[in-house]
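Worksheet for the structure shown next.
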There are 2 protein chains.
Amino acid sequence: MSERSKVYQQVLSEIQRLIKEDGYLPGDKLPSERQLSVQLDAARSSVREALRAIELLGIIETRQGEGTYLRDYQTYHAVELLASFVLQDSRIQEELQQAKKVLENYVLSIDSLSDQQLTQLREILADSSLSKEEKHHRFFLVFFKANDNQLLLRIWRLMQDFSENIEQDVYPDQYYCDMLKKYKKTIE
Amino acid sequence: MSERSKVYQQVLSEIQRLIKEDGYLPGDKLPSERQLSVQLDAARSSVREALRAIELLGIIETRQGEGTYLRDYQTYHAVELLASFVLQDSRIQEELQQAKKVLENYVLSIDSLSDQQLTQLREILADSSLSKEEKHHRFFLVFFKANDNQLLLRIWRLMQDFSENIEQDVYPDQYYCDMLKKYKKTIE
DNA sequence: AGTCTTTACTGGTCAGACCAATTAACTATT
DNA sequence: AATAGTTAATTGGTCTGACCAGTAAAGACT
């Protein structure tokens with residue numbers, strides 16, 4: 001009656017079970033491919049298909065000669081991957097810039113920054129050894145970190161990477177200074 | 001000199017190339033596993049590892065006896081899976097919700113909507129056959145389309161898929177009505 | 001004790017076989 | 001000629017077993 005799920009999907013479930021029930025944690029070593037194939041009564045090739053799939057998702061990491069390890073899969077590796085497919089046919093620069101600005105404007109709307117963060121920002125702006133791009137990146141990095149949303153940061157970084165090759169619409173230096181003033185005021 | 005990427009990663013690149021350069025579209029049939037293995041000079045098992053991986057991502061679909069087909073990968077199937085791994089963590093749920101709201105708030109800030117779009121919105125709100133989730137989705141879809149940024153729309157959809165698996169913080173009906181009023185005013 | 005060599009284990013890849021499901025080609029029947 | 005039924009070819013699904021390539025642990029030597 002159909003719905004006989006493929007072997008590699010069963011293996012997938014088993015890995016999930018290991019994590020959920022046997023308490024495997026990031027960094028832990030999973031059973032070897034050969035061992036899993038015995039454990040699950042499946043061919044090693046099938047086990048590998050499953051492992052390769054979740055490796056692509058960034059859930060595990062394999063090191064030849066060592067073994068297969070659980071990764072800290074909260075690093076949103078999948079987002080990158082999916083985005084690489086999404087972006088390949090809609091790499092329209094304007095959309096990307098607009099999207100980037102949406103995120104940047106959002107983090108700029110944070111209520112207040114710590115003294116330390118303000119100092120950081122001033123240093124970045126004062127550092128003449130930095131390129132325009134570097135400055136932009138570091139400047140907003142402070143805000144993204146202040147905002148403390150890893151996902152947003154991750155997406156923004158992705159956009160940065162993608163838009164690095166195309167010419168950036170450059171922000172004038174004044175732009176950053178204006179931003180700084182805003183927060184300066186809230187403290188003084 | 002290291003960096004010899006694994007075979008299955010090469011296959012992955014090849015699939016991407018097919019899509020990008022040879023213009024494969026959703027629904028198209030990919031070369032068979034055996035043909036790919038010849039084409040890429042790799043063992044069929046290696047080809048399969050790659051195919052299984054991107055199948056898990058929802059990019060392709062395989063039907064025994066028929067072949068392997070490109071899917072409309074705008075609806076990422078992988079999110080379900082990843083969600084089951086990742087979304088236990090409540091912190092990630094919060095981040096996701098926050099990120100989604102950033103995008104939603106942005107498209108809500110659009111200056112004006114057409115009469116037709118306003119009508120659409122009213123119909124969606126009035127349609128009692130829609131679930132809460134459906135309503136939310138369609139409501140914002142109008143705004144995203146009005147805003148005409150494919151990239152933002154796709155990212156938002158991705159987030160929607162992700163957050164569908166976890167309990168949504170429900171918006172009260174009043175929320176949508178308030179939004180509507182805002183635009184009603186600009187027209188009348 | 002410290003170093004070197006060997007061994008065992010792990011992932012990476014390959015080749016070939018067979019099954020299962022679908023499709024296409026062909027044949028026989030009407 | 002049109003249809004139905006059978007056969008062959010193709011495709012994915014799975015398995016087995018082999019060999020290579022790194023790593024780490026055990027053992028031997030100094």
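Excluded from the calculations below are hydrogen atoms, water molecules and symmetry mates; all remaining heavy atoms, backbone and side chain alike, are included. Order of the sequence lines sets the chain letters (A, B, ...), proteins ahead of strands, with each chain counted from 1.
- Computed from coordinates, the A/D41 CG to D/dC15 P distance equals 8 Å when rounded to whole Å.
- Note on A/R63 versus A/E55: no salt bridge recorded, every NZ/NE/NH1/NH2 to OD/OE distance being 4.0 Å or above.
- Of the candidate nucleotides D/dG12, C/dA15, C/dG12, C/dG12 has the atom lying nearest to any side-chain atom of A/R44.
- Shown here for A/L130 and A/I124, the closest heavy-atom pair between the two residues is CD1-O, 3.9 Å.
- Remark: B/S46 is in phosphate contact with C/dC14, judged by side-chain N or O atoms under 4.0 Å from OP1 or OP2.
- Residue contacts shown for B/T62 are limited to sugar-phosphate atoms, with no base heavy atom under 4.0 Å away.
- Look at CZ on B/R48: it is 11 Å from C1' on D/dC15, rounded to the nearest Å.
- One can place CG of A/L12 at 16 Å from C1' of D/dG13, the figure rounded to the nearest angstrom.
- A continuous path of hydrophobic side-chain contacts links A/L141 to A/F143 [ILVMFWY only; heavy atoms under 4.5 Å].
- Under 3.5 Å, the side chain of A/R52 and the base of C/dG11 form no donor-acceptor pair of N or O atoms.
- Counting to the nearest Å, the P atom of C/dG11 and the CD1 atom of A/I60 are 9 Å from each other.
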Could you list, one pair per line, each protein nitrogen or oxygen that sits under 3.5 Å from a nitrogen or oxygen of nucleotides 6-10 of chain C, together with the distance?
unit_1: C/dT10; atom_1: O2; unit_2: A/G65; atom_2: N; d: 3.3

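- Here the closest non-hydrogen pair linking B/I60 and B/L51 is CD1-O, 3.3 Å.
- Atom P of nucleotide D/dG13 and atom CG of B/L56 are separated by 13 Å, given to the nearest angstrom.
- If you take CG of B/L51 and P of D/dT11, they are 13 Å apart, rounded to a whole angstrom.
- Here C/dG12 presents its P atom at 11 Å from CD of A/E61, a figure rounded to the nearest Å.
- The backbone N or O of B/T68 sits nowhere less than 3.5 Å from a side-chain atom of B/K29 that would complete a donor-acceptor pair.
- The interatomic distance linking B/L36 (CG) with D/dG13 (P) rounds to 13 Å, in whole Å.
- Classification of the B/W156-B/H137 ring pair by plane angle, with boundaries at 30° and 60°, yields parallel.
- A/D41 CG: 12 or fewer foreign heavy atoms inside a 6.0 Å radius.
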